[in-house]
Asks: 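I'd like to ask you about the structure that follows.
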Amino acid sequence: MEAALSPQARNAHQSLTAAQLSAVEHVDGPLLILAGPGSGKTRVVTHRIAHLLGEGISARQILALTFTNKAAAEMRSRVEKLAPRQPVWMGTFHGFCARLLRLNAALVGLSENYSIYDMDDSHKLLVAAIEDERVDLSHVTPDAIRQAIGWAKNNLITPDRYTGSKGRQLGGIVERVYPAYQRRLLRANAVDFDDLLMHVATLLRENPEVRAKLDERYRYILVDEYQDTNLAQYAIVRALSIDHPNLAVTGDPDQSIYGWRGANLSNILEFEKDFPSVKVVRLEQNYRSTKAILRVADQLICHNVRRKKKQLFTDNAEGAAVRLNCYPTQRDEADDIAAQIVTAVHAGKRRPRDFAVFYRINALSRQIEHALREHVIPYQIVNGVEFFQRKEIKDVLAYLHLINNPRSDVALLRIINTPTRGIGKSTVVKLQDHARKNSLPLLDAAREAGLVEGLAKKSLVAVAKFVAMFDRLGEVATAHVEAIVGRVLSESEYEEVLTNSEAEEDQERLANLQELLTAAREFDMRNPGQGHLEQFLEETSLVADTDAWESESDKVTLMTMHAAKGLEFPVVFIIACEQGLLPHERSRNDEEKVEEERRLLFVGITRAEEELQLSYADYRMFRGQAAPTIPSPFLMELPRDEMQLSSSISSRPRARDWEESQLPRVEAELSHDDGDVSFDVDDFSQVEPEESKKKKVPLLVSGVTTAASLLAEQENGLRRVSPSMFKHGMTVEHREYGIGTIISLSGEGPKRRATVRFAAATGEKSFVLMHANLQPVE
DNA sequence: TGTGAGTTGATTTTT
DNA sequence: TCAACTCACA
């Protein structure tokens with residue numbers, strides 16, 4: 001098995017420090033790696049996987065769990081370099097659980113084609129459950145209920161065992177709503193995110209033989225960011241490490257920032273009690289930041305009580321002093337940051353991608369975005385309106401969800417009248433009544449609409465038409481995903497409605513749908529063969545905002561501090577260090593929560609390699625009103641005497657004037673639409689080689705391609721003749737059959753096929769594009 | 001039934 | 001500020 005290790009891997013081992021090496025070479029038994037920020041943790045983990053493989057351990061027996069897809073992807077690509085093509089399971093907790101649950105769905109009362117509901121879907125279901133229970137919402141918000149249920153699930157408290165704390169109104173309500181909500185989920189053959197973990201934990205507890213089999217299968221388990229595990233995740237990992245306790249966890253208690261999601265700091269703080277024979281390795285040397293930055297971070301985190309003391313140090317240069325700036329208003333803050341970036345980029349000192357701006361809450365990104373646009377700086381915002389959250393995408397995916405799982409009422413409600421087809425609210429209510437009385441899924445209720453009381457004839461016809469349309473879609477359920485999506489777009493008339501619309505917004509939606517088709521095709525290429533709809537839906541449900549970050553592109557990055565974990569940038573700006581925002585309002589009067597906020601700032605600070613600026617504004621717009629602010633108390637905990645403090649910002653020349661004289665105006669061409677999550681500026685393309693601009697990033701993980709760029713690409717593509725020039729919805733002419741419309745496409749390259757709908761007499765035909773005599777009609 | 005105007009009410013972080 | 005929701009009207 002030594003052959004599994006690339007020469008690169010063996011050489012690389014030599015460059016590891018003694019501490020790193022001792023972790024890498026540990027094989028059997030529990031291992032705890034306490035890794036400070038920038039200490040080369042990922043390097044250790046990936047080298048350890050390579051080392052295990054080198055020791056002759058089968059790749060199938062190794063399981064590496066992360067929290068984000070991004071972290072998993074990073075790990076995968078680095079392991080790939082050290083030990084190519086080894087089928088080690090690397091992925092997120094949720095992804096792993098989704099897979100396990102597919103194989104054992106029946107054990108928890110689901111069937112294998114269950115749906116994964118995202119926040120939006122589960123919220124709708126929750127509201128329905130709240131209505132079921134006729135809860136008075138005057139003192140409790142659905143969101144509070146959702147959080148309580150989520151907390152319960154993360155702590156493995158099932159609906160039947162839930163009891164709210166005495167005297168609290170919320171507790172009593174949750175006691176009623178939680179079981180109702182869970183019943184609805186099960187009836188819909190669906191799970192929410194928290195269920196993925198809870199169901200698997202339950203399954204492992206209640207089925208010893210399944211547990212033992214999996215324990216045997218996954219002999220070597222690695223968990224990244226262990227400080228962020230909650231009880232459910234802990235239970236899962238624990239259950240898989242009983243017979244073979246070769247559990248290696250890495251983490252840093254000081255970077256635990258997901259307490260609100262049920263993360264339990266005790267999991268890592270007490271790992272040594274759990275596994276008395278554990279080997280502990282501390283990685284304290286930082287390879288990322290300057291001494292100046294690291295000292296600030298260290299000073300701050302020392303104010304936390306609940307932690308493991310750690311001595312952070314670095315051999316890096318002293319570096320520039322950390323800046324602490326006070327601005328009159330948020331506007332000045334944003335302007336100055338943009339100006340600093342422009343100045344550095346124009347001086348040739350930095351590139352846009354060297355900069356990152358962090359904030360506590362997403363709402364704060366707006367001013368920065370605005371300033372960057374004004375200064376014509378390309379940026380990408382990690383988050384915004386995420387691709388898979390856009391209405392049109394969710395609509396089309398809902399069709400797919402319903403095809404895959406006909407019991408998913410949430411999906412049906414979403415599409416039964418989208419696009420509008422004359423099935424209004426009153427009709428839907430009647431169908432829901434009927435479904436409830438006969439305990440049927442909504443789709444089945446719609447099928448027997450004839451039996452529904454008081455339904456107008458017109459409505460009846462509309463519902464029947466919908467059902468017939470849906471059944472036609474069902475016929476292609478096992479086709480390539482791209483073909484299914486194409487069918488949905490044409491059969492549902494979703495595409496037609498948008499095409500006929502004048503609204504610019506709808507044209508953008510069309511372009512986004514083309515993107516979805518592309519994403520589907522890319523999925524098909526990665527998963528040859530048919531019948532992968534379920535898997536496609538799983539992937540789209542489990543991708544997150546952070547995964548949409550393009551590390552390749554030359555843009556300033558804007559993100560929350562939570563999203564920043566695991567990343568690093570040469571220059572970091574942390575804005576709005578103000579009481580109420582950082583620490584956040586909701587953590588007031590709760591020392592544990594304040595400590596978590598402090599850790600959050602610690603994470604932000606330690607992302608910086610060379611330069612760091614913290615800032616706050618005296619006045620900030622909030623809820624539409626400007627209000628005076630109070631600087632964050634955390635700022636008083638920093639070593640201010642060695643930092644560069646400044647509040648005389650107005651003396652700086654207005655960068656906009658400078659920029660006007662130096663750069664050609666291109667603003668007119670820029671979209672000022674807020675829905676646009678990123679944009680390119682031609683002036684910066686000179687630092688970005690043409691080639692890299694053309695390189696296509698897989699959509700499933702990019703999500704930030706703009707509709708405009710896609711349209712442009714489409715136009716360019718039209719001139720060449722190749723199977724790839726045919727697009728969904730295109731009008732084509734066939735020598736024999738005449739004019740028709742492409743209603744679906746599938747396959748790649750010479751094998752690419754199209755289904756074309758001709759005049760009624762001819763019907764539908766399927767062609768291999770390479771050989772068919774199809775001509776696009778202008 | 002569908003649309004559009006007007007009102008309200010809520011604002012964390014993410015798989 | 002802005003999005004979601006309600007309500008009135010066509």
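What you see is a predicted model; the values in this text were computed from it and never measured. A, B, ... follow the sequence lines: proteins, then strands. Residue 1 opens every chain.
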Asks: Taking for each residue the nucleotide of DNA chain B with the nearest heavy atom, is it A:Arg586 or A:Ser426 whose nucleotide lies nearer the 5' end?
Replies: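 Upstream on the strand: A:Ser426.
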
Asks: NA contact type, A:Leu581, heavy-atom cut-off 4.0 Å: base, sugar-phosphate, or nothing?
Replies: nothing

Asks: I want to confirm an ordering. Mapping A:Ala363 and A:Asn417 to their closest nucleotides on DNA chain B, which one lands closer to the 5' end?
Replies: A:Asn417

Asks: Measure from the side chain of A:Ser459, starting at C-beta and using heavy atoms only, and say which of B:dT11, B:dT13, B:dT1 lies closest.
Replies: B:dT1

Asks: Just the rounded figure in Å: distance from P of C:dC5 to NZ of A:Lys425.
Replies: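 About 10 Å, once rounded to whole Å.
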
Asks: Rounded to the nearest Å, what distance is computed from the CG atom of residue A:Leu364 to the P atom of nucleotide C:dT1?
Replies: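 In whole Å, C:dT1 P and A:Leu364 CG are 16 Å from each other.
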
Asks: Any salt bridge linking A:Glu534 with A:Arg102? Criterion: basic side-chain nitrogen under 4.0 Å from a carboxylate oxygen.
Replies: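 Yes.
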
Asks: Going by atom types alone, do A:Asp118 and A:Ser541 pair a side-chain donor with an acceptor below 3.5 Å?
Replies: no

Asks: Determine, for A:Arg599 against A:Asp254, whether the closest basic-nitrogen to carboxylate-oxygen distance falls under 4.0 angstrom.
Replies: no

Asks: Between atom NE2 in A:His123 and atom C1' in B:dA10, what is the gap in whole Å?
Replies: 12 Å

Asks: Please determine whether a side-chain nitrogen or oxygen atom of A:Thr427 lies at a distance below 4.0 Å from atom OP1 or OP2 of B:dT1.
Replies: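 Looking at the OP1 and OP2 atoms of B:dT1, one of them is under 4.0 Å from a side-chain N or O of A:Thr427.
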
Asks: Pick base, sugar-phosphate or nothing for A:Phe67, based on heavy-atom distances below 4.0 Å to the nucleic acid.
Replies: sugar-phosphate

Asks: Write down the distance between CZ (A:Arg331) and P (C:dT1), rounded to a whole number of angstrom.
Replies: 14 Å

Asks: Return the stacking result for B:dT12 and A:His584: yes when the ring centres lie under 5.5 Å apart and the planes under 30°, no otherwise.
Replies: yes

Asks: Can you tell which of A:Tyr234, A:Tyr226, A:Phe67 makes a ring-ring contact (aromatic ring centres under 6.0 Å, His included) with A:Phe93?
Replies: A:Phe67

Asks: Could you state the atom-to-atom distance from CD of A:Glu538 to C1' of B:dT15 in whole Å?
Replies: 13 Å

Asks: When rounded to the nearest Å, what value does the distance between C1' atoms of B:dT12 and C:dC5 take?
Replies: 23 Å

Asks: Is there a side-chain polar atom (N or O) of A:Asn362 under 4.0 Å from OP1 or OP2 of B:dT13?
Replies: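 It does, given that an N or O in the side chain of A:Asn362 lies less than 4.0 Å from OP1 or OP2 of B:dT13.
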
Asks: Which is true for A:Gln367 with a 4.0 Å heavy-atom rule: it touches a base, it touches only sugar-phosphate, or it touches nothing?
Replies: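 Result for A:Gln367 = nothing.
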
Asks: Where does the angle between the aromatic ring planes of A:Phe96 and A:Tyr218 fall among parallel (under 30°), tilted (30 to 60°) and perpendicular (over 60°)?
Replies: perpendicular

Asks: Give a yes/no answer on whether the side chain of A:Arg366 brings an N or O atom under 4.0 Å of OP1 or OP2 in C:dC2.
Replies: yes

Asks: Does OP1 or OP2 of B:dT14 have a side-chain N or O of A:Asn69 closer than 4.0 Å?
Replies: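 No.
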
Asks: Examine B:dT12: is either OP1 or OP2 under 4.0 Å from a nitrogen or oxygen in the side chain of A:Thr560? Give yes or no.
Replies: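 So the side-chain polar atoms of A:Thr560 never come under 4.0 Å of the phosphate oxygens OP1 or OP2 of B:dT12.
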
Asks: Between B:dT15 atom C1' and A:Met119 atom CE, what is the distance in whole Å?
Replies: 10 Å

Asks: Check whether the aromatic ring of A:Trp260 stacks on the base of B:dT13, taking stacking as ring centres less than 5.5 Å apart and planes within 30° of each other.
Replies: yes

Asks: Given B:dT11, B:dG2, B:dT13, identify the nucleotide with an atom nearest to the side chain of A:Asp143.
Replies: B:dT11

Asks: Atom NZ of A:Lys465 to atom C1' of B:dT1: distance rounded to whole Å?
Replies: 15 Å

Asks: Parallel, tilted or perpendicular: which fits the ring planes of A:Trp260 and A:Tyr258, with parallel below 30° and perpendicular above 60°?
Replies: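 Rings of A:Trp260 and A:Tyr258: tilted, 30 to 60°.
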
Asks: Which whole-number value in Å describes the distance from A:Gln233 CD to B:dT14 C1'?
Replies: 12 Å

